[in-house]
Amino acid sequence: QVQLVESGGGSVQAGGSLKLSCATSGIIFSTYCMAWFRQGPGKEREGVARIATSGSTTYATSVEGRFTISKDNDKDTLYLQMNALKPEDTGTYYCAAERRWPGCPLGVDLNEWLFRGQGTQVTVSS
């Protein structure tokens with residue numbers, strides 16, 4: 001059974017940092033492209049960052065320079081280091097796994113990804 005379990009969310013003041021984790025099981029983690037998505041209150045869901053099997057990364061413009069996606073293939077875990085957080089970063093963050101599409105573009109909606117987690121809440125206050 002495949003599981004993706006996010007953790008590390010919480011409440012933080014603007015300018016603060018959080019590190020999200022996504023522990024996976026049931027997949028050969030190193031063979032999957034991994035990504036983080038988020039959905040804020042009243043906003044459309046968006047892709048935040050993705051890391052390919054090669055380690056190459058892509059970020060949404062809104063988080064470039066502030067967020068860092070990484071992974072540990074030995075621990076089958078995906079991470080998202082979030083710095084300089086802003087109130088507009090508030091939302092539920094989801095991790096996702098995919099291996100059917102070359103490059104696994106962030107523009108593909110979360111629901112189309114092969115596997116996804118239940119989400120973790122991030123709240124940034126001003």
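V108 and L78 end up in different hydrophobic clusters when Ile, Leu, Val, Met, Phe, Trp and Tyr side chains are linked at under 4.5 Å. Clustering ILVMFWY residues whenever any of their side-chain heavy atoms sit less than 4.5 angstrom apart, transitively, puts V122 in the very cluster that holds M34. A single hydrophobic cluster is not seen to contain both L114 and L110; linkage of ILVMFWY side chains at heavy-atom distances under 4.5 Å, directly or through other members, places them apart. L4 and W36 fall within a single hydrophobic cluster, where Ile, Leu, Val, Met, Phe, Trp and Tyr side chains are chained together by heavy-atom contacts under 4.5 Å.
No more than 12 heavy atoms of other residues, nucleotides or ligands lie within 6.0 Å of CD in Q118, so this atom counts as exposed by the packing criterion.
Taking the side chain as every heavy atom from C-beta outward, Y94 and R116 never approach each other to under 4.5 Å. When side chains are defined from C-beta on, Q81 does not count as touching L18, because their heavy atoms never get closer than 4.5 Å. Within the 4.5 Å cutoff, no side-chain heavy atoms of E98 are placed close to those of R50.
By the side-chain contact (heavy atoms from CB on, under 4.5 Å) test, Q121 pairs with T90, T92, T123, sequence neighbours left out. Residues forming a side-chain contact (heavy atoms from CB on, under 4.5 Å) with S7 (at least two apart in sequence, or on another chain): S21. Here T120 pairs with E6, L20, Y93 under the side-chain contact (heavy atoms from CB on, under 4.5 Å) rule; sequence neighbours left out. Under the side-chain contact (heavy atoms from CB on, under 4.5 Å) criterion, A14 pairs with P87, V124, not counting sequence neighbours.
The two residues R100 and E112 have their closest heavy-atom pair at NH2-O, 2.7 Å. Annotation for A96 and F37: closest pair CB-CE1, 4.1 Å, computed over non-hydrogen atoms. Nearest approach of A52 to K71, heavy atoms of both residues: O-NZ, 3.3 Å. Considering every non-hydrogen atom in both K75 and T77, the closest pair reads O-OG1, 2.8 Å.
To the nearest 0.5 Å, atoms SG (C22) and CZ (F115) are separated by 12.5 Å. Between the CZ atom of R66 and the CG atom of D89 there is a distance of 4.0 Å, given to the nearest 0.5 Å.
Cation-pi geometry between K19 and Y79 is met: the NZ or CZ atom falls under 6.0 Å from the ring centre, inside 45° of the normal.
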Side-chain donor-acceptor pairs under 3.5 Å in residues 24-33, sequence neighbours left out?
residue	atom	partner	partner atom	Å
T24	OG1	D76	O	2.8
T31	OG1	I28	O	2.7
Y32	OH	R99	NE	3.3

Pair up each side-chain donor or acceptor in residues 55-64 with any protein partner under 3.5 Å, not counting sequence neighbours, and list the distances.
residue	atom	partner	partner atom	Å
S56	OG	S54	OG	3.3
Y59	OH	I69	N	2.9
S62	OG	R38	NH2	3.4

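Between the side chain of K86 and the main chain of S125, no donor-acceptor pair closer than 3.5 Å is present.
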